[in-house]
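Just below is one structure, and these are the notes that go with it.
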Amino acid sequence: MNYWLIKSEPDVFSIEDLARKPKKTEHGDGMRNYQAHNMLRDQMKKADLVFFYHSSCAQPGIVGLARVVTEGYPDFTAFETKNRHYDPKSNPENPRCDMVDVQFMRKFTRNITLHELKEHKSLANMPLLQRGNRLSVMPISKKHGDFILKLENTS
DNA sequence: GCCAACGTTGGC
DNA sequence: GCCAACGTTGGC
């Protein structure tokens, strides 16, 4: 069982939006990056835990938990010319981007902010905190994931 | 809205 | 296959 973190702009798609979906499930479309593609296609497995991170907002931080409910499959939004994630370089025979479906589990009792994450030495080398990290999906080690889960109930 | 960082593109 | 230009991300 692996931990992951996915970023989402709450103005576009927040954890509340996820919770409101039918079956509380949504596909994480629109990730157009080779590293993300490879992780989505090959490494994310059913039942993996996903930290849901709000970015580009007043208080960026981890706001809740979701779980992976499908293996990676081609991001069909890339084939739809009118879709905002349309990608002319992708096609069904050779998809350039994959996605997985994630299901809402719960909101944290509080926002574990980016600011707070940075204060913990033991999290210093997690990918989220590396300078210039722009991946919208990234792996979280078991050590870091366990630590973050404990953080929810402290402070 | 600024700007640093970095992935991607495209000319050569 | 190099690398400059460009576009995007995302914290501040």
Side-chain angles (χ1 to χ4, degrees), chain A residues 2-21 26-44 48-68 72-102 104-141 143-145 147-152 154-155:
Chain A
N2 299 309
Y3 290 118
W4 301 90
L5 181 141
I6 58 174
K7 293 182 190 169
S8 191
E9 299 182 27
D11 293 345
V12 179
F13 190 80
S14 70
I15 193 162
E16 288 82 8
D17 294 327
L18 181 62
R20 273 195 295 269
K21 285 280 166 184
E26 180 64 307
H27 44 77
D29 61 306
M31 293 176 186
R32 300 285 179 267
N33 170 288
Y34 286 111
Q35 261 181 288
H37 179 206
N38 292 335
M39 285 190 286
L40 289 162
R41 188 188 54 202
D42 302 330
Q43 292 172 247
M44 292 184 89
D48 282 357
L49 274 184
V50 174
F51 292 104
F52 200 101
Y53 178 88
H54 280 173
S55 66
S56 297
C57 57
Q59 285 293 339
I62 299 173
V63 292
L65 272 186
R67 97 181 108 211
V68 177
Y73 62 98
D75 182 345
F76 58 82
T77 65
F79 314 141
E80 299 171 345
T81 50
K82 60 192 180 320
N83 192 288
R84 65 183 278 265
H85 296 311
Y86 173 63
D87 183 347
K89 297 202 187 81
S90 193
N91 60 73
E93 288 71 42
N94 186 20
R96 203 163 172 260
C97 12
D98 271 44
M99 60 186 176
V100 299
D101 291 358
V102 297
F104 175 81
M105 291 178 68
R106 65 187 180 84
K107 271 183 74 169
F108 284 161
T109 53
R110 64 193 190 84
N111 180 0
I112 303 173
T113 62
L114 178 62
H115 175 78
E116 178 180 348
L117 295 170
K118 284 178 177 168
E119 287 179 340
H120 293 283
K121 278 217 179 70
S122 54
L123 297 177
N125 62 347
M126 69 185 276
L128 178 70
L129 303 182
Q130 301 316 300
R131 69 162 38 202
N133 192 306
R134 297 165 56 189
L135 281 177
S136 49
V137 53
M138 60 186 85
I140 302 283
S141 70
K143 192 180 71 154
H144 291 155
F147 188 89
I148 293 166
L149 286 175
K150 279 187 217 143
L151 271 186
E152 181 189 3
T154 61
S155 100

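To find a chain, count down the sequence lines: A is the first, B the second, and so on, and within it residues start at 1.
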Kindly write out the residues that satisfy salt bridge (Lys or Arg N to Asp or Glu O under 4.0 Å) with Asp98(A), not counting sequence neighbours, or none if the list is empty. none
Without swapping roles, check the side chain of Arg67(A) against the backbone of Met105(A) for a donor-acceptor pair under 3.5 Å. no
Contacts under 3.5 Å, N or O only, protein and nucleotides 9-12 of chain B:
unit_1	atom_1	unit_2	atom_2	d
dT9(B)	OP1	Lys89(A)	NZ	2.9
dT9(B)	OP1	Arg96(A)	NH2	3.4

For the side chain of Arg110(A) and the backbone of Glu152(A), is there at least one donor-acceptor N/O pair under 3.5 Å apart? yes
Run the salt bridge (Lys or Arg N to Asp or Glu O under 4.0 Å) test against Glu16(A) and tell me which residues pass, sequence neighbours left out. Lys107(A)
Correct closest heavy-atom pair for Pro95(A) and Phe79(A) would be CB-CZ, 4.2 Å
By salt bridge (Lys or Arg N to Asp or Glu O under 4.0 Å) - contacts of Asp17(A) (at least two apart): Arg20(A)
Enumerate the side chain to side chain donor-acceptor pair (under 3.5 Å) contacts for residues 118-129 of chain A, please, sequence neighbours excluded, ordered by first and then second residue. His115(A)-Glu119(A), Asn125(A)-His144(A)
Between the main-chain N or O of Val50(A) and the side-chain N or O of Asp48(A), is there a donor-acceptor pair closer than 3.5 Å? no
Ordered by number, residues from residues 9-18 of chain A within less than 4.0 Å of DNA chain B (heavy atoms) are none
Applying side chain to side chain donor-acceptor pair (under 3.5 Å), name anything that partners Tyr34(A), two or more places apart in sequence or on another chain. Arg96(A)
Quick test of your reading: applying side chain to side chain donor-acceptor pair (under 3.5 Å), list the pairs with at least one residue in residues 50-60 of chain A, sequence neighbours left out, ordered by first then second residue. none
Taken in chain and number order and not counting sequence neighbours, the residues that satisfy salt bridge (Lys or Arg N to Asp or Glu O under 4.0 Å) with Arg134(A) are none
Using a cut-off of under 3.5 Å, enumerate the N/O to N/O pairs linking the protein to nucleotides 3-5 of chain C.
none

Please list, in numerical order, the residues of residues 126-136 of chain A that have a heavy atom closer than 4.0 Å to any atom of DNA chain B. Arg131(A), Gly132(A), Arg134(A)
Which residues satisfy the side chain to side chain donor-acceptor pair (under 3.5 Å) test with Asn94(A), sequence neighbours excluded? none
Gap between atoms CG and P, on Asn38(A) and dG7(B) respectively (whole Å): 14 Å
